[in-house]
**Student:** 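Below is the structure I would like to discuss, written out as C-alpha cells.
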Amino acid sequence: MAESQIPAYNPAEIEKKWQARWEADGLYHSDVDPQRPKHYALTMLPYPSGDLHIGHWFAMTPSDARARYMRMNGYNVMFPMGFDAFGLPAENAAIKKNVHPKEWTYRNINRMRDQLKSMGAMFDWRREAVSADPKYYRWTQWFFVQLYQHGLAYHKLSPVDWCPTCNTTLAREQVWGDDRHCERCGTPVIKKNLDQWFFRTTRYADELLSYEGINWPERVRVLQTNWIGRSEGAVVKFHTEQGDELEVFTTRPDTLWGVTFMVLAPEHPLVKKITSAEQKAAVEQYVAEAVRQTDVQREATDKEKTGVFTGGYAVNPVSGERIPIWTADYVLMTYGTGAIMAVPAHDQRDFEFARRFGLEVRVVIQPEDMEALDGANLTESVPAHGKMVNSGPMSGTPGAEAFEQVLKYLEANGMGKRAVNYRLRDWLISRQRYWGAPIPMVHCEKCGVVPVPEEQLPVMLPDDVEWRPTGESPLKLHPTWRLTTCPQCGGAAERDTDTMDTFMCSSWYHLRYLSPDYDQGPFDPKEYDYWMPVDTYTGGIEHANMHLIYTRFFHKALRDMGIAHGDEPMLQLRNQGMVLGEDSEKMSKSRGNVVAPDDLVQAYGADALRAYLIFFSRWDQGGPWSSSGIDGTFRWLRRVWAMVVEPVGKDGFVDESAVRVLRRKVHQTLRRVTHDYEHFEFNTIVSSLMELSNEMARLKPATYGSPAWGEAVDIYLRMLSPVTPHIAEELWAYLGKSYSIHTQSWPAVDMEAVQEDEITVVVQVNGKVRGRVTLAADASEEAVKAAALENEGVVKFLEGKTPRQIIVVPKKLINIVV
RNA sequence: GCCGGAGUGGCGGAAUUGGCAGACGCGCACGACUCAAAAUCGUGUACCUUCGGGUAUGUGGGUUCGAUUCCCACCUUCGGCACCA
C-alpha cells in the first residue's frame with residue numbers, strides 16, 4: 001500500500017473539524033428525559049479574570065472525562081458551564097486599565113468561552129449562566145428578599161472586617177491567616193463599625209455539621225466542622241452587686257465553685273456601669289487602648305495577659321461568694337456572651353492571668369490519677385476532668401458525671417441552663433463596591449427598611465457610575481440612582497447602596513443552569529425536579545469554608561422556604577489539587593510563571609494536553625507543572641494513531657495464543673480503567689491505556705485482521721474517547737464506525753477473557769524471592785507446592801533443611817519458612 | 001498549641017484486600033535510520049557487590065511467615081484553626 005494513503009496525525013485539523021461538527025449537531029445538549037436516569041455533573045464555574053489558566057484545564061478535564069464516561073454508561077448527563085462574573089478583581093483590573101467593569105468582564109467572558117471550547121469538553125452551552133446578567137441577578141435579588149421575608153436576612157450596626165485595599169467589608173470566611181488578611185488581595189483587614197446586612201447562617205450551624213446522605217471528602221468535612229466549631233456547655237447567670245444580670249458561657253460548669261474572678265471584654269456594655277470611681281481612669285485608659293489595637297495584636301496568643309480591675313463585684317450564684325470583676329482583652333466580645341467566669345486552677349488562660357495579677361487559684365477538680373492538688377503551688381492549670389472537690393453540695397461528684405450533675409443542679413435552681421456555642425458567625429453580605437448585584441432594599445424614613453417588590457426586580461445596576469473606590473459605595477455617589485419611592489407608602493425613599501457578596505451569586509448558580517432564560521422564577525421546576533440534586537461536584541478545596549458552606553446554607557434555607565427540596569444540593573464532592581508553576585510556586589502573573597494553555601494547544605493539540613493534564617499527577621494532589629512531559633502523551637497519541645491506521649502487510653495468519661493474550665490484556669485494562677473512573681483515579685487511566693497500546697503494538701503482527709484485533713481497537717477507542725475526544729472520534733470514523741463515538745456505550749468486561757490460563761507464582765524462602773514457577777491456572781495447591789520445592793533457585797536456599805511452614809497465597813505467592 | 005494530609009529512583013508518579021517495590025511517562029545514556037541534524041524506532045537506566053548476593057519506600061521500634069500498606073514514638077513538610085471560655 002502506498003504510504004501517501006495513510007493519513008498523518010494532525011490534531012489542529014481534526015480538533016477544529018470535530019468541534020464544529022459536535023456543535024452543529026448539538027451532540028452535548030442535555031434535555032429532560034424521564035425515561036433515562038440523569039446525572040448532573042458540575043464543575044466550579046470560573047471567574048472571568050481574562051485568560052483561562054492551566055489550572056482551569058487541570059480542574060475541568062477530568063470532570064469532563066468522567067461526565068463522558070457516565071454518559072457512555074447510559075446516563076442522561078448534564079454538564080453545564082457559566083461565569084461568576086461579578087466581583088472585586090473585575091473592578092480593580094478595570095480601574096487599572098480604565099475600562100468599564102462590564103465591558104472588561106464581557107470581553108473576558110467571550111475570550112474564555114472560546115478557550116473553553118478549544119478543550120473539546122461536553123459543556124452544554126445552551127445552559128450557560130452569567131451572574132452579572134440582569135436576568136440572572138434579578139433572581140439573586142429575589143432570593144435576598146425571600147431570605148429577608150423569612151427572617152434569614154437582617155441588618156445591624158456592628159464591628160466588621162474591612163479591607164483597606166479593596167475598600168469593602170468582608171465576611172469572616174474571607175479573612176485568612178495569622179495576620180488576618182483579605183482572601184483576595186492579601187492586605188490585613190481592619191475593624192469598622194458599619195450597618196451591614198447578614199444572613200443567619202448560624203441558624204443552620206447544627207444541620208451543617210451533619211453530612212448525612214452526602215459523599216464528601218473527609219478533609220472537607222473536617223474543615224467545615226472545625227470552622228463551625230460547636231462547643232457544648234452552659235450559660236450561667238451571675239449578678240453584679242448593682243443587680244444587673246451577668247451571663248457567662250462555659251464548657252466547664254463542673255468548675256463553677258472554683259471561680260475566683262470574672263472577666264468582661266473591654267467592649268462589654270456593663271464595663272462602664274460597674275467600674276468604681278477609683279478604677280475609672282485606669283479602666284477607661286485600658287478600654288481605649290484595647291479598642292485601638294488591631295485584632296492581630298490583640299489576639300496574639302504569645303503575648304502576656306493584660307487587664308484592669310473594674311472595682312466592681314459579682315455574686316457567684318452557687319456559692320453566694322463575692323467575685324471581683326476585671327476587664328481584659330483576652331475575652332472577646334464576639335464569642336459567647338463577651339464575659340467569662342475565670343477558673344484559674346483549671347483553665348490555662350485564667351491561670352496566667354491570675355498569676356500575673358496575684359489572684360487566688362482554687363482547686364475544685366481532683367483527677368483520680370494525680371496527687372492532691374494545691375492551688376498555691378500549681379505551675380500550670382489542670383484542665384483534666386476529675387472528681388469535684390471544694391464544691392459545696394456537689395463535692396465528691398465523679399468526673400464522668402460532673403458535667404451533667406452540675407447542669408441539673410443549675411437548671412433545678414434557675415441559675416443557668418444547657419447551651420451550645422458556635423465559632424461560626426452570620427454571613428456578612430454587604431459590599432461597598434460597584435460591580436455586584438444591588439441589595440434590593442429601600443430605606444424609608446416612615447416605613448423603615450422595605451424590600452423592593454418582586455415585580456420591580458431586578459434593581460438594575462446603573463452603567464454611568466464613578467466606580468473608582470472611595471470607601472463609600474459607588475452607588476451612593478450616583479446623582480439619582482439611590483433616589484426612589486417607598487414601595488409601601490409611596491413617599492420619598494433611598495435605595496440600599498451596597499451590593500452583595502459574590503458568594504451569594506455562586507450559591508445558586510447550579511440552579512440557574514437548569515433554565516438560564518426562565519423568567520417565571522429562579523428556575524423551571526420541571527428542570528429542577530428532573531436534574532437536582534447535583535450528582536458530582538468538582539472543584540478546589542480552598543472553598544471548603546466559603547462557597548461550600550454558603551451553598552449548603554443557601555440550599556437548606558430554600559428548602560425551608562419551600563423553594564427547593566432535599567437536604568443537600570450536592571451529593572458527591574471531589575476536590576482537585578492545585579497546579580503550581582515550574583518553580584513550584586503558585587502561578588501568578590507577577591511571578592511570571594504562568595503556563596498558557598493556548599500555546600500548548602497550538603503546539604500539541606487539545607487531546608495531548610488533556611491527556612497530559614490527566615496523566616501528570618494525581619488529580620487530588622496537583623503539583624508543579626512541567627511542560628516537557630507533554631511530549632510523552634503526544635508521542636503516545638501518535639503511536640495510537642499509527643496502531644489504528646497503519647495496516648500490517650501479511651497474509652492473514654493469526655496466532656491463536658496471541659489472540660488469547662490480546663483479549664486478556666484488553667479486558668483486564670477495561671476492568672482497571674472502569675474501576676479508576678468510578679474512583680476518580682484519573683492518572684492511572686492514561687497509564688493503563690499506554691500500557692495496553694504498547695502491548696497491542698507488540699501483538700499486532702500476530703493478531704491483525706482477526707476479530708480479536710477488531711474488538712481490541714473498538715474497545716480501545718471507546719476507553720480513549722473520554723480522555724481525548726477528538727482523536728477517538730477521528731479514528732472511529734476512519735474505521736467506518738457510526739457517528740458518534742461519544743454516543744456509544746461503555747464496553748462490558750468479558751470475565752472469561754480476563755482469566756489467566758497460566759499463572760506465575762513467586763516463591764520466597766524466608767520472605768525473600770528465590771524463584772518463580774509457572775503452572776496452569778487450575779493447578780492444585782499441592783502441585784504448586786511441589787513445583788516450588790523443586791525450583792532450582794529455591795533448592796539452593798533450602799540447603800536440605802526441612803521447611804517449618806509453607807504459606808500459600810493462591811495464584812500469587814508461596815513463602816517457605818525454614 | 002490543636003486538627004487534618006503528605007514523605008517511594010535524577011523528576012512526575014504506580015503498587016485494587018498485608019504478598020514480586022519502582023507500572024506508565026519524563027529525563028538521561030547507548031544503538032539503528034540519516035551526508036548531517038531533528039523526528040522516529042530499539043536497548044538500558046535505585047544503590048552497593050568479592051557477582052554468591054546484599055541493601056533500599058522520611059527515622060527508630062513493634063506486630064507478622066511476609067509491611068510502602070497495620071500499631072507506637074519521632075523528624076520533615078503542606079493546609080486549616082487558634083486567648084472561642
Side-chain angles (χ1 to χ4, degrees), chain A residues 176-178 217-227 229-231 233 248-252 255 262-263 265 298-303 305 328-332 334-343 346-350 352-353 421-424 541-542 544-545 577-578 611-612 615-618 620-621 623-633 635-636 638-639 642 671-672 675-676 679 681 683-694 697 760-772 796-797 803-818:
Chain A
W176 286 15
D178 289 347
E218 165 83 13
R219 204 164 145 220
V220 174
R221 301 200 315 256
V222 166
L223 282 172
Q224 294 199 344
T225 301
N226 290 345
W227 184 261
R230 182 191 156 98
S231 51
V248 297
F249 174 73
T250 177
T251 54
R252 292 297 300 274
T255 64
M262 297 183 81
V263 186
R298 201 171 140 174
E299 291 172 20
T301 49
D302 49 358
K303 75 166 194 190
K305 297 270 179 296
D329 63 7
Y330 80 92
V331 173
L332 309 176
T334 47
Y335 186 80
T337 62
I340 62 155
M341 55 178 233
V343 186
H346 305 293
D347 180 285
Q348 187 59 22
R349 296 153 302 182
D350 299 343
E352 285 166 21
F353 194 83
N421 247 291
Y422 302 92
R423 223 182 59 90
L424 182 76
I541 193 143
E542 67 274 16
N545 289 340
M578 206 198 292
Y612 182 59
F615 176 69
F616 98 98
S617 94
R618 290 178 56 125
D620 57 356
Q621 230 169 258
W625 178 260
S626 156
S627 285
S628 69
I630 196 172
D631 287 312
T633 52
R635 282 178 207 148
W636 165 58
R638 205 155 45 187
R639 287 197 301 272
R671 185 171 58 179
R672 167 85 204 242
H675 170 273
D676 289 350
H679 293 86
E681 291 163 13
N683 55 339
T684 45
I685 290 172
V686 173
S687 56
S688 299
L689 288 173
M690 285 175 168
E691 217 176 302
L692 176 57
S693 59
N694 290 345
T760 298
V761 174
V762 170
V763 187
Q764 297 182 332
V765 178
N766 287 340
K768 290 197 170 126
V769 181
R770 298 302 183 188
R772 49 200 74 204
K796 205 159 62 179
F797 283 90
R804 200 146 46 88
Q805 194 185 354
I806 300 178
I807 286 131
V808 180
V809 182
K811 298 185 188 222
K812 271 191 182 159
L813 176 140
I814 286 192
N815 190 10
I816 303 164
V817 187
V818 293

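Throughout, protein chains are lettered first and strands after them, A, B, ... in sequence-line order, and every chain is numbered starting at 1. Keep in mind that what you see is a predicted model, and the values were worked out from it rather than measured.
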**Student:** Would you say the side chain of Thr250(A) lies within less than 4.5 Å of the side chain of Ile340(A), judging by non-hydrogen atoms?
**Tutor:** no
**Student:** Counting only N and O atoms by type, is there a donor-acceptor contact under 3.5 Å from the side chain of Gln805(A) to the main-chain atoms of Ile816(A)?
**Tutor:**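 Not confirmed, Gln805(A) side chain does not pair with Ile816(A) backbone.
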**Student:** Using a 4.0 Å heavy-atom cut-off, write out nucleotides 17-25 of chain B from 5' to 3' as B (base contacted by protein), S (sugar-phosphate only) or - (no contact).
**Tutor:** --BB--BBS
**Student:** Could you tell me the Watson-Crick or G-U partner of U76(B), where both distances fall under 3.5 Å? Say none if there is no partner.
**Tutor:** A6(B)
**Student:** Kindly state whether the ring of Phe616(A) and the ring of Trp625(A) have centres lying under 6.0 angstrom apart.
**Tutor:** yes
**Student:** Under a 90° cut-off about 0 for the syn range, is G52(B) syn or anti?
**Tutor:**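 Here the answer is syn: the torsion falls within 90° of 0.
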**Student:** So Val248(A), base contact, sugar-phosphate only, or nothing? Heavy-atom distance under 4.0 Å.
**Tutor:**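 No contact.
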**Student:** Are any of the side-chain heavy atoms of Val222(A) and Trp227(A) separated by less than 4.5 Å?
**Tutor:**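 The answer is no; the side chains never approach within 4.5 Å.
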**Student:** Is Asn815(A) reaching over with its side chain to a backbone N or O of Ile807(A), donor-acceptor style, under 3.5 angstrom?
**Tutor:**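 It does not hold such a pair.
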**Student:** To the nearest Å, how far apart are Met341(A) CE and A85(B) P?
**Tutor:** 12 Å
**Student:** Is there a Watson-Crick or G-U wobble partner for G25(B) with both distances under 3.5 Å, and which nucleotide is it?
**Tutor:** C11(B)
**Student:** Just how far, in rounded Å, is P of G1(B) from CG of Asn226(A)?
**Tutor:** 17 Å
**Student:** Could you give the distance separating G79(B) and U17(B) at their P atoms, to the nearest angstrom?
**Tutor:** 30 Å
**Student:** Quick check: are there more than 12 heavy atoms from other residues, nucleotides or ligands sitting under 6.0 Å from CZ of Arg230(A)?
**Tutor:**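 Result for CZ/Arg230(A): enclosed.
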**Student:** Could you check whether Asp676(A) and Thr684(A), counting side-chain N and O atoms only, form a donor-acceptor pair closer than 3.5 Å?
**Tutor:** yes
**Student:** If you take all heavy atoms of Met341(A) and Met262(A), which pair is closest and at what distance?
**Tutor:** CA-CG, 4.4 Å
**Student:** On the ring face of Tyr330(A), is Lys305(A) found with NZ or CZ under 6.0 Å from the centre and within 45° of the axis?
**Tutor:** yes
**Student:** Students often get this wrong, so: under 4.0 angstrom with heavy atoms, is Ser628(A) touching a base, only sugar-phosphate, or nothing?
**Tutor:**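 Ser628(A): backbone/sugar contact only, no base atoms under 4.0 Å.
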**Student:** Kindly label the base of G9(B) as syn or anti, based on whether its glycosidic torsion lies within 90° of 0.
**Tutor:**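 Classified syn.
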**Student:** Report the nucleotide, chosen from C65(B), A85(B), C3(B), that has the shortest atom-to-atom distance to any side-chain atom of Gln805(A).
**Tutor:**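 Closest nucleotide among those given: C65(B).
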**Student:** Would you say Arg423(A) reaches A85(B)'s phosphate, i.e. side-chain N/O to OP1/OP2 under 4.0 Å?
**Tutor:**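 No, no such contact exists.
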**Student:** Please state the C1' separation for the pair A6(B) and G58(B) - nearest whole angstrom.
**Tutor:**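 To the nearest whole Å, 11 Å.
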**Student:** For Arg221(A), answer base if it contacts any base atom (sugar-phosphate contacts may also be present), sugar-phosphate if it contacts only those atoms, and nothing otherwise; contact means non-hydrogen atoms under 4.0 Å.
**Tutor:**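 Arg221(A): no heavy atom of the nucleic acid under 4.0 Å.
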**Student:** Using atom CH2 of Trp227(A) as one end and atom C1' of G4(B) as the other, report the distance to the nearest whole Å.
**Tutor:**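 Between C1' of G4(B) and CH2 of Trp227(A): 16 Å.
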**Student:** When the P atoms of G54(B) and U63(B) are compared, how many Å lie between them, rounded to an integer?
**Tutor:** 23 Å
**Student:** Nearest whole Å is fine: how far is A15(B) C1' from His675(A) NE2?
**Tutor:** 12 Å
**Student:** Let me know the distance between CZ of Arg230(A) and C1' of A82(B), rounded to the nearest Å.
**Tutor:** 20 Å
**Student:** On a whole-Å scale, what distance lies between the P atoms belonging to A23(B) and G44(B)?
**Tutor:**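 Result for the P pair: 12 Å, nearest Å.
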**Student:** For nucleotides C75(B) and U59(B), find the distance between their C1' atoms and express it as a whole number of Å.
**Tutor:**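 Pairwise C1' distance, C75(B) against U59(B), rounds to 7 Å.
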**Student:** Can you check whether Gln621(A) has a side-chain N or O nearer than 4.0 Å to OP1 or OP2 of G13(B)?
**Tutor:** yes
**Student:** Ala339(A) or Asn766(A): which one's nearest nucleotide on RNA chain B is closer to the 5' end?
**Tutor:**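 The answer here is Asn766(A).
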**Student:** Considering every strand shown, what is the Watson-Crick or G-U wobble mate of G1(B) when both distances are under 3.5 Å?
**Tutor:** C81(B)
**Student:** Consider the side chain of Trp176(A), meaning its heavy atoms from C-beta on, and name the nucleotide among C65(B), G80(B), C83(B) that approaches it most closely.
**Tutor:**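 Nucleotide nearest to Trp176(A)'s side chain: G80(B).
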**Student:** Whole angstroms only, please: what is the CD-P distance between Gln224(A) and C81(B)?
**Tutor:**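 So the CD-P distance, Gln224(A) to C81(B), works out to 13 Å.
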**Student:** For Ser231(A), which contact category applies under a 4.0 Å heavy-atom criterion: base, sugar-phosphate, or nothing?
**Tutor:**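 Contact class for Ser231(A): sugar-phosphate only.
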**Student:** Does C30(B) have a Watson-Crick or wobble mate here (both distances under 3.5 Å), and if so which one?
**Tutor:**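 C30(B) is paired, partner G42(B).
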**Student:** Using atom P in both nucleotides, what's the gap between U68(B) and C78(B) to the nearest angstrom?
**Tutor:**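 U68(B) and C78(B) have their P atoms separated by 27 Å.
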**Student:** Within the pair Arg618(A) and G12(B), is there a side-chain N or O less than 4.0 Å away from OP1 or OP2?
**Tutor:**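 Checking G12(B) against Arg618(A), no side-chain N or O comes under 4.0 Å of OP1 or OP2.
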**Student:** Are any side-chain N or O atoms of His679(A) and backbone N or O atoms of His675(A), one a donor and one an acceptor, separated by less than 3.5 Å?
**Tutor:**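 Yes, His679(A) side chain to His675(A) backbone: donor-acceptor pair under 3.5 Å.
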**Student:** Taking the same atom, P, in C47(B) and in C41(B), what whole-Å distance lies between them?
**Tutor:** 26 Å
**Student:** For C70(B) and G7(B), measure between their P atoms and round to the nearest Å.
**Tutor:**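 Comparing P positions in C70(B) and G7(B) gives a spacing of 11 Å.
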**Student:** Find which nucleotide of RNA chain B each of Glu218(A) and Arg252(A) is nearest to by heavy atoms, and output the residue with the more 5' nucleotide.
**Tutor:**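 Nearer the 5' end of the strand: Glu218(A).
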**Student:** Whole angstroms only, please: what is the CG-C1' distance between Leu223(A) and C78(B)?
**Tutor:**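 Interatomic distance, CG of Leu223(A) to C1' of C78(B): 13 Å.
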**Student:** Looking at the side chain of Arg219(A), which of G53(B), A85(B), G4(B) is the nearest nucleotide?
**Tutor:**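 Given the options G53(B), A85(B), G4(B), the side chain of Arg219(A) is closest to G4(B).
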**Student:** Could you let me know what A37(B) is paired to, Watson-Crick or G-U wobble, both distances under 3.5 Å, or none if it's on its own?
**Tutor:**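 Because no pair has both required distances under 3.5 Å, A37(B) counts as unpaired.
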**Student:** To the nearest Å, how far apart are His679(A) NE2 and A15(B) P?
**Tutor:** 12 Å
